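Note that the structure is a prediction, hence the values are computed from the model and not measured. Here is the naming used below: chain letters follow the sequence lines, and residue numbers restart at 1 for every chain. Excluded from the calculations below are hydrogen atoms, water molecules and symmetry mates; all remaining heavy atoms, backbone and side chain alike, are included.
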Number of protein chains: 2
Amino acid sequence: MDVLPGAFGTSASFALRLGQTVFSSASLLFMCLDVEFYSYTAFCCLVTVMGLVIPWSVTLLVVDAYCVFIKCLPHQRRIISIIVLGDMVLSHLSLAAACSTASVTDILLEVGRSYCPTKYCGRYQLSAAMAFLSWFLSSASCLFNFWLLPTL
Amino acid sequence: MDVLPGAFGTSASFALRLGQTVFSSASLLFMCLDVEFYSYTAFCCLVTVMGLVIPWSVTLLVVDAYCVFIKCLPHQRRIISIIVLGDMVLSHLSLAAACSTASVTDILLEVGRSYCPTKYCGRYQLSAAMAFLSWFLSSASCLFNFWLLPTL
């Protein structure tokens, strides 16, 4: 197999998708479980974006698992284009949501403890960190597939 | 000339660089002129990032102008790689700074007028909008050059 490691259908891609699924789920859980996230726009944005990233990552994780363990699918230009487009949109949204969450948490910490009890702010920070990791892996997937695209 | 429009050395690239220069300068001016931006991390981040984007865009604007109006330079793989890398880093930083600024402004508006007089908040919003436009053009430049890269 002479394709680029990390591109669609390789074991590196499978690992990237697995990481995306884990980190985006962790980000969503840290934000949602027992925390009033709906009082700030940025936190709602993070929850919405992670709610889009998780099904996308899981779907591609399953397809990559099929390619790696059962039978390799051919690289079709149209499919790779769709994957690149989806990854690009979702990675930018993840970055935007992570940055918004991080900066809002920073402001809440600055304004005072009454707006942000320690337990909650720690969770917001962890959620933002997980979203950053998810963005990083999503961006890597996008770059590997984009690199493959002009050669198809 | 059979190169992709928008890639390094074309008139479309010149237009993109011009737009980046204009929008990033506007963002910096809206944030800096007569506004106390240094009291929030996100605003300092925006100023720093725009301070990096402006010289980068101006340099490439000059090179593109030379290519378009005087003499076309050959596409060297190493130079295009450096341009793609720089564009990618700066476009992600612009997006991060723009999102942070937008969400902090949103929070300040929500917390109350005492934190954010109308005149200042309007400026913050304009600055964030300009940073978003700069990110969009920077991202477009990056994609066009990245598309060119594997064919070199």
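At a 4.5 Å heavy-atom cutoff, Leu148(B) makes no contact with chain A through either its backbone or its side chain.
Between Phe8(B) and Phe144(B), the distance separating the two ring centers is not shorter than 6.0 angstrom. Taking the ring centroids of Phe132(A) and Phe23(A), they lie at or beyond the 6.0 Å cut-off.
The contact list for residues 85-101 of chain A toward chain B, using heavy atoms and a distance under 4.5 Å, reads Met88(A), His92(A), Leu95(A), Ala96(A), Cys99(A), Ser100(A) by residue number. Taking non-hydrogen atoms and a 4.5 Å limit, the residue list of residues 56-65 of chain A in contact with chain B is empty.
Put simply, CZ on Arg123(A) and CG on Leu29(A) are 9.5 Å apart, with the number rounded to the nearest 0.5 Å.
Using a 4.5 Å cut-off on side-chain heavy atoms (C-beta onward), Tyr40(A) and Asp106(B) make no contact. At a threshold of 4.5 Å between non-hydrogen side-chain atoms, the residues Val104(B) and Val104(A) do not count as touching. Contact annotation: the side chain of Thr41(B) never approaches that of Ser103(A) to less than 4.5 Å [non-hydrogen atoms, C-beta and beyond].
Classification of the Phe146(A)-Phe146(B) ring pair by plane angle, with boundaries at 30° and 60°, yields tilted.
Using a distance-only test at 3.5 Å, with no hydrogens or angles considered, no donor-acceptor pair links the side chain of Ser24(B) to the main chain of Met50(B). The main-chain N or O of Pro5(A) is never found under 3.5 Å from a side-chain atom of Thr10(A) such that the two would form a donor-acceptor pair. Gln20(A) places no side-chain N or O within donor-acceptor distance of the main-chain N or O of Ser134(A), the cut-off being under 3.5 Å.
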